[in-house]
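To start, the structure under review is shown below, and the notes come after it.
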Amino acid sequence: MSAIIMDGNALSKQIKKEIKLKIEQAGIRPGLAVVIVGEDAASHVYVNHKQKDCAECGIHSERFALAADAGEEKLLALIDELNNRKDIHGILVQMPLPKGYSEQKVIEAIAPEKDVDAFTLQNVGRVMVGDYTFAPCTPYGVMKLLEHYGIDPAGKHCVVVGRSNIVGKPQAMLMLHKHATVTICHSRTPNLTEITRQADILVAAVGKINLITADMVKAGAVVIDVAINRHTDGKLYGDVDFDAVKEVASHITPVPGGVGPMTRAVLMQNTLNAAGVN
Ligand code: GUN
């Protein structure tokens, strides 16, 4: 039997509608500053989507586009200005930054209470101990999707493939807080198939088309594909061989239309939280 396709587009629309309603009821005007440095086309598309989501929710967004050679000092000065603005509740600096910028230094310049990505060391630490206001958007979006489809991680073996600071590591933490048994695999894991085949919930976050094939998935597993890879054919693919794996899994996320829209919907939720409403 073919897997249930987890519809991130539909759920993200529902979440954004709820956020819009909460903003109207609270009579507030949350503000998100979106900072982008350089001309990376994909990053500009992502930022466009985020601003469109803001408009849909009734969140005021302001875009700050700096040239790649603007320099770290100018970027840090902008963040400082945004940290001090009362009408800006959330600050997002789109990653990756061009060469010559220290991402960690830039992230640390963001006031933790405006760090809606949860990238600062303080917020990373808070996620680690399980006492946080902002959860990192992609892993948080995955948790919302699982919850919506009635999948409780408690007692399940969750295998996360990928160990990035943005997805793999915080995903493992959020799963752990929900009482899953968690294994993190990465490029140096020699027996990947042996481990992925044990997964009740498999999260792929590497950035390699067709990394996860049907033989790597246990029958009935939930398969979450976080990656967005642009193929030479111009289309977007995840890490999972979708057509084959959907015949083995119980649930699967498509790319596009799975995790991506959920990441953006929970960014709106984090911005609402930053403005003091839950
Ligand atoms: N680049 C890729 N994903 C993200 C994200 O979630 N936030 C930011 N700021 N940059 C990214």
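Because only heavy atoms are used, hydrogens play no part in the values below, and waters and symmetry mates are left out as well, while side chains stay in. When a ligand or atom number is given, it counts from 1 through the structure's own listing order.
- Side chains of Q94 and K50: a donor-acceptor N/O pair is present below 3.5 angstrom, by distance only.
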Filter the ligand 1-protein atom pairs down to N or O on both sides and distance under 3.5 Å, then list them.
from	atom 1	to	atom 2	distance (Å)
ligand 1	1 (N)	Q94	NE2	3.3
ligand 1	1 (N)	M95	O	2.8
ligand 1	7 (N)	D117	OD1	3.0
ligand 1	7 (N)	D117	OD2	3.4
ligand 1	9 (N)	V93	O	2.8
ligand 1	9 (N)	D117	OD2	2.7
ligand 1	10 (N)	M95	N	3.0

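- One finds the CD atom of Q198 at 5.5 Å from the NE2 atom of H157 (value rounded to the nearest 0.5 Å).
- Taking the side chain as every heavy atom from C-beta outward, Q51 and L32 never approach each other to under 4.5 Å.
- Interatomic distance, L82 CG to L92 CG, rounded to the nearest 0.5 Å: 11.5 Å.
- One N or O on the side chain of H177 and one on the backbone of V127 form a donor-acceptor pair closer than 3.5 Å.
- Between K20 and E24 there is a salt bridge, since at least one side-chain N of the basic residue sits less than 4.0 Å from a carboxylate O of the acidic one.
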